[in-house]
Amino acid sequence: MMKIVLISGKRKCGKDYISERLQQRLGSRSRIVRISEPIKSEWARKLQLDLDALLSDGPYKEKYRRDMIVWSDEVRAKDYGYFCRVAMEEAVSREQTPYILVSDVRRKNDIKWFRETYGPERVVTLRLTSRPETRCARGWTFTVGIDDVPSECDLDDMADGFDFVLANEEELDQEAIDCLLDKLQLQYD
């Protein structure tokens, strides 16, 4: 049975880092899915932008972030699960992977869609937290219109609504990753 881990957190709290560390430990039995990939793909196609640069973690993406948020919110207003569905289509169309790590859950409706589509017994939520000082050291600066909108804040009032919360302040050693996998009930070698 496939298990889906929904990973959320603020910008620069380490969502990609933790997802990649979990995937390294799980190996071929896992796949990382990013809800942002279909958003960025469609946005790049629409505006004829460099998709690779848009997918990276750099200034090019930041230049377009606010407009992408506004546009993707308009799409979600019509179909809240649209980007989740598109992101998962490729993941589930390939050979069966026991573990899907969704590395960028940002809204309550994302969680709702996964639970409705795959069942609550197959979905587990992991919230990453980092102090503002830690996030700043990773390159974050508060930006009006980005850090104060639903794409960053919609999950803030769900403090008790996550299955697991992990403070990601420093680089996690292998023992910490193994402990996290055990808590998430994901089997590794």
Side-chain angles (χ1 to χ4, degrees), residues 2-40 52 54-58 61-62 65 69 83-84 87-88 90-92 97-115 118 120 122-142 146-147 150-189:
M2 180 174 59
K3 188 165 193 173
I4 301 169
V5 180
L6 304 180
I7 301 170
S8 67
K10 300 283 192 179
R11 290 193 308 137
K12 299 294 184 180
C13 71
K15 295 180 298 294
D16 286 327
Y17 170 76
I18 295 295
S19 298
E20 289 164 9
R21 290 290 307 275
L22 292 173
Q23 184 186 37
Q24 286 171 1
R25 193 71 170 114
L26 293 167
S28 63
R29 293 176 301 182
S30 67
R31 166 174 274 113
I32 295 176
V33 170
R34 291 178 173 86
I35 297 169
S36 62
E37 283 187 19
I39 295 170
K40 293 172 183 175
D52 290 332
L54 210 52
L55 290 169
S56 74
D57 189 25
K61 172 178 72 176
E62 296 306 320
R65 182 184 290 270
I69 290 169
F83 294 113
C84 297
M88 286 298 288
E90 184 180 341
V92 297
T97 303
Y99 304 122
I100 302 288
L101 308 170
V102 183
S103 69
D104 58 355
V105 170
R106 295 186 172 275
R107 292 172 173 79
K108 291 179 188 97
N109 277 340
D110 295 342
I111 296 170
K112 177 183 174 185
W113 184 86
F114 278 96
R115 287 181 173 155
Y118 296 99
R122 297 170 91 186
V123 175
V124 63
T125 56
L126 171 63
R127 179 69 168 179
L128 302 180
T129 63
S130 293
R131 294 185 325 267
E133 302 81 38
T134 303
R135 293 170 61 211
C136 286
R138 295 174 181 160
W140 174 76
T141 41
F142 182 87
I146 292 174
D147 291 301
S151 64
E152 282 297 312
C153 301
D154 193 43
L155 299 176
D156 288 356
D157 62 355
M158 280 189 55
D160 296 329
F162 298 103
D163 298 310
F164 301 98
V165 177
L166 174 69
N168 184 26
E169 299 297 337
E170 299 174 12
E171 188 170 321
L172 299 176
D173 62 16
Q174 193 60 53
E175 185 177 335
I177 293 295
D178 288 350
C179 182
L180 178 58
L181 287 167
D182 289 342
K183 285 181 181 179
L184 295 170
Q185 298 179 349
L186 306 180
Q187 300 192 4
Y188 56 93
D189 296 328

I'd like to know if the side chain of [X] and the backbone of [Y] have a donor-acceptor N/O pair within less than 3.5 Å.
X      : Y      : value
Asp154 : Ser151 : no
Glu169 : Thr134 : no
Asp110 : Val105 : no
Arg138 : Lys12  : yes
Lys3   : Leu184 : yes
Arg29  : Gln187 : yes
Lys15  : Lys10  : yes
Arg115 : Pro120 : no

Could you walk me through whether Thr97 and Met2 pass side-chain contact (heavy atoms from CB on, under 4.5 Å), step by step? CA-CA 7 Å; Thr97 303; Met2 180 174 59; over 6 Å; no

Gln174, CD atom: more than 12 neighbouring heavy atoms under 6.0 Å: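 More than 12 within 6.0 Å, yes.
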
Is Glu133 atom CD crowded by more than 12 heavy atoms from other residues, nucleotides or ligands, each under 6.0 Å away? yes

Rounded to the nearest 0.5 Å, how far does [atom2] of [Y] lie from [atom1] of [X]?
X      : Y      : atom1 : atom2 : answer
Phe83  : Arg106 : CZ    : CZ    : 13.5 Å
Leu172 : Leu180 : CG    : CG    : 8.0 Å
Asn168 : Cys13  : CG    : SG    : 7.0 Å
Ile7   : Phe162 : CD1   : CZ    : 12.0 Å
Asp178 : Leu22  : CG    : CG    : 10.0 Å
Ser30  : Ile100 : OG    : CD1   : 8.5 Å

Parallel, tilted or perpendicular: which fits the ring planes of Phe142 and Trp140, with parallel below 30° and perpendicular above 60°? perpendicular

With a 4.5 Å heavy-atom cut-off, do [X] and [Y] have their side chains touching?
X      : Y      : answer
Leu6   : Val124 : no
Val102 : Val5   : no
Lys183 : Cys179 : yes

Over all heavy atoms of both residues, which pair between [X] and [Y] is shortest? Give the atoms and the distance, please.
X      : Y      : answer
Ser103 : Asp16  : OG-OD1, 3.5 Å
Val123 : Phe114 : CG2-O, 3.7 Å
Ile146 : Arg65  : CG2-CD, 3.3 Å
Ile35  : Cys84  : CD1-SG, 3.9 Å
Asp147 : Thr141 : OD2-O, 3.5 Å
Gln185 : Tyr99  : O-OH, 4.5 Å

Are [X] and [Y] ion-paired here, with the side-chain N under 4.0 Å from a carboxylate O?
X      : Y     : value
Glu62  : Arg11 : yes
Asp173 : Arg21 : no
Arg31  : Glu20 : no
Asp104 : Arg34 : no

Could you check Tyr188 against Asp182 for side-chain contact (heavy atoms from CB on, under 4.5 Å), going step by step and ending with a plain yes or no? CA-CA 9 Å; Tyr188 56 93; Asp182 289 342; 3.3 Å; yes

Hey, which of Leu166, Leu155, Asp163 is the one that makes side-chain contact (heavy atoms from CB on, under 4.5 Å) with Arg127?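 With Arg127 as partner, side-chain contact (heavy atoms from CB on, under 4.5 Å) holds for just one option, Leu155.
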
